[in-house]
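None of these values were measured; they are calculated from a predicted model.
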Amino acid sequence: HLDQVGNPPDAGPQLWALKALALFGLIAKDAAPDVARVLKSPSTPALSRLTAVDALSQIGPGHPVVIPTLIAFA
C-alpha cells in the first residue's frame, strides 16, 4: 500500500500504511528501504513525506538506510 496515494492523499492507503509502520517502530525495520523510497520520491504528497520521516525516525538505526536518508532529507 505504500504506492497507493489515494484521493484525497491525506486519507489514502499510503499515509495509513506509513503511520502503521511508525507505530511498529523497530519491528518495521525491514520496511525501511520502501519508506525511504517514498520519502525520496518527488511525487509523494507532503503529508506522506512527513509521515515517512516519522516512520523512519521511529524505526531508528535498526536498518542502515534510516540515518543516511534522514540526514539527506534534512
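Among all heavy-atom pairs drawn from Asp54 and Ala22, the shortest one is OD2-CB, 3.6 Å. Scanning all heavy atoms of the two residues, the minimum distance from Val35 to Ala55 falls at CG1-CB, 4.1 Å. The shortest non-hydrogen separation linking Gln14 to Leu2 is NE2-O, 2.7 Å. Shown here for Val5 and Pro45, the closest heavy-atom pair between the two residues is CG1-CG, 3.5 Å. Of all non-hydrogen atoms in Ala28 and Ile59, the two that sit nearest each other are O-CD1, 3.6 Å. Between Gln4 and Pro13, the closest heavy-atom pair is O-CD, 3.4 Å.
How far OG1 of Thr69 is from NE2 of His63: 9.5 Å, rounded to the nearest 0.5 Å. The structure places CG of Asp34 at 12.5 Å from CG of Leu39, a figure rounded to the nearest 0.5 Å.
A single hydrophobic cluster is not seen to contain both Trp16 and Leu47; linkage of ILVMFWY side chains at heavy-atom distances under 4.5 Å, directly or through other members, places them apart. In this structure, Val38 is a member of the same hydrophobic cluster as Phe73, with clusters built from ILVMFWY side-chain heavy atoms closer than 4.5 Å. Tracing side-chain contacts under 4.5 Å through hydrophobic residues (I, L, V, M, F, W, Y), one never reaches Leu21 starting from Leu15; they form parts of separate clusters.
In terms of modelled atom types and a separation under 3.5 Å, the side chain of Thr51 and the main chain of Lys19 share no donor-acceptor contact. Of the possible donor and acceptor atoms, none in the side chain of Arg49 sits under 3.5 Å from a partner among the backbone N and O of Thr44.
Between Val66 and Pro61 the shortest side-chain heavy-atom distance does not fall below 4.5 Å.
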Stepwise side chain to side chain contact (heavy atoms under 4.5 Å, CB included) check, Val53 with Gln58
CA-CA 9 Å; Val53 168; Gln58 295 299 322; over 6 Å; no

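Within 6.0 Å of CZ on Phe24 lie no more than 12 heavy atoms contributed by other residues, nucleotides or ligands.
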